[in-house]
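Have a look at the structure below before the remarks.
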Amino acid sequence: MNARDFGIVCGILPTGGNNAVTDVPGVTVGHHTIREGDINTGVTAIVPHSGNLYRRKVAAACEVINGFGKSMGLMQIEELGTLETPILLTNTFSVGACANALIREAIAANPDIGRRTATVNPVVCECNDGPLSDIQAMAVTEEHARLALADARGGAVEQGNIGAGTGMSCFGFKGGIGTASRMLELGGRAHCVGVLALTNFGRAGDLVLPDGRRPDPGKAKDEEKGSVIIILATDVPMDHRQLKRVTLRCGAGLARLGAFWGHGSGDIAVGFNTATTFDHDETNDFVVTEMLNESRIDLLFRAAAEATQESVLNSMCAAEAMTGRAGRHRPSLADWLR
């Protein structure tokens, strides 16, 4: 189930064929889920293209909306404006294992890394699934990360209690993985903005639907101390500065839902652009890249906000109710909407 199955529509722009981040050509998504006793966790992989990402990097940017988080690799993205590994999402205590997996995969494909050429910048983002999962078990291994990478595929994306989203909570309901896309016409061609969200944020009772309803999970109104990771992908040519501006607008999609980016919430957005790539072994002194006419950027701002808002709602509508560690329960938004 997704939000549109309940008549909930976010914004005015049309979706792509899958209404998913995989509507951006070349982008694939994979999951590995771990559900064993009190452990409800996993890994989700977002892969920008099927080639050697270290050798053919994509333009990237990130926006730390609220920095209560432990993500890895964001500093170099901001300094160099490129992404050179897939992005892995997982729980807070599994960032290291996932980073090691990305490093080993990169070295296997590029044996000169760290010896005859530069090191590699693994990008791993996290949320704390501790309320529903035994995060201290540190259950995610490098092999689990590799399985998520191996599972990466195009087409429809599994949502809800899957991969990194298995043990997440959102606005007092069950959260998880959600995705959505928006189609644009620029330069006489169709382009796409896609978003994938890992949702683990929002104070119970604060959620606002596009029609004004305020779903209440019926639990105590705790402090806002979760996190959300937004991954934005597009095939619209942009430079780092433009991509950063678009990525910032993911925060507008969160705000539409009633989020206020609380003190204890790690709210991070990472954007990448598959149309602008950089050759690791470039020998020319100058390179020519294409970028968006700035007067057209509002269309992408709208697409980022709409796709983020819908991705969050899709994560909640797709997620089934769960009783996790220590008997803690999170109801399903889909059950509330029925």
Checklist entry - If every non-hydrogen atom of Ile34 is compared with every non-hydrogen atom of Ala139, which pair is closest and at what distance? => result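 In this case the closest contact between Ile34 and Ala139 is CD1-O, 4.2 Å.
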Item to check | Residue pair Cys98 / Val124: nearest heavy atoms and the distance that separates them | outcome: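 Closest approach of Cys98 to Val124: CB-CG1, 3.8 Å.
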Would you say the side-chain atoms of [X] pair up with the backbone N or O of [Y], donor to acceptor, closer than 3.5 Å?
X      : Y      : result
Thr44  : His31  : no
Asp23  : Asn18  : yes
Thr28  : Ala152 : no
Lys57  : Asp279 : no
Asn200 : Ser169 : yes
Glu84  : Asn121 : yes
Glu78  : Cys62  : yes
Ser315 : Gly160 : no
Asn19  : Ser181 : yes

If the test is side chain to side chain contact (heavy atoms under 4.5 Å, CB included), which one of [options] qualifies with [X]?
X      : options                : value
Ile230 : Cys125, Cys250, Ser311 : Cys250
Arg4   : Leu313, Asn314, Thr15  : Thr15
Phe171 : Arg203, Met316, Arg214 : Met316

Crowded around [X] [atom1]? As in, over 12 foreign heavy atoms under 6.0 Å?
X      : atom1 : value
Arg115 : CZ    : no
Gln136 : CD    : no
Glu158 : CD    : no
Glu143 : CD    : yes

Item to check | Pairing residues for Arg245 by the side-chain hydrogen bond (donor to acceptor under 3.5 Å, both in side chains) criterion, not counting sequence neighbours | outcome: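 For Arg245, the residues satisfying side-chain hydrogen bond (donor to acceptor under 3.5 Å, both in side chains) (neighbours in sequence not counted) are Glu294.
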Next on the checklist: Can a side-chain donor-acceptor contact be found between Asn110 and Asn52 if the only test is distance below 3.5 angstrom?
Outcome noted: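 Note: Asn52 and Asn110 side chains meet the donor-acceptor criterion.
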Next on the checklist: Looking only at the side chains, is there a donor atom on one of Gln242 and Asn273 sitting less than 3.5 Å from an acceptor on the other?
Outcome noted: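 Absent: no donor and acceptor within the cut-off.
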Next on the checklist: Test of understanding: with side chain to side chain contact (heavy atoms under 4.5 Å, CB included), list the residues that count as partners of Glu306, not counting sequence neighbours.
Outcome noted: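 Partners of Glu306 by the side chain to side chain contact (heavy atoms under 4.5 Å, CB included) criterion, ordered by chain and then number, come out as Ile12, Leu13, Arg182, Arg256, Arg302.
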Checklist entry - Atom CG in Asp134, atom CG in Asp129: separation rounded to 0.5 Å? => result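 Interatomic distance, Asp134 CG to Asp129 CG, rounded to 0.5 Å: 9.5 Å.
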Item to check | ring-ring contact (aromatic ring centres under 6.0 Å, His included) partners for Phe272, two or more places apart | outcome: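 Applying ring-ring contact (aromatic ring centres under 6.0 Å, His included) to Phe272 gives none.
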Checklist entry - Charged N to carboxylate O under 4.0 angstrom, Asp112 versus Arg55? => result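 Here Asp112 pairs with Arg55 in a salt bridge, since their nearest N and O are under 4.0 Å apart.
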Next on the checklist: Ring-plane angle category for His144 and His32, please: parallel below 30°, perpendicular beyond 60°, tilted otherwise.
Outcome noted: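 Rings of His144 and His32: parallel, under 30°.
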Next on the checklist: Between Val193 and Val246, does the side-chain contact (heavy atoms from CB on, under 4.5 Å) criterion hold? Intermediate values first, please.
Outcome noted: CA-CA 10 Å; Val193 172; Val246 172; 5.5 Å; no
Item to check | Same cluster (ILVMFWY, side-chain, under 4.5 Å), Leu53 and Leu89 | outcome: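 Yes: a chain of side-chain contacts under 4.5 Å links Leu53 to Leu89.
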Checklist entry - Passes side-chain contact (heavy atoms from CB on, under 4.5 Å), Val236 versus Leu292? Steps please. => result CA-CA 7 Å; Val236 176; Leu292 180 70; 4.0 Å; yes
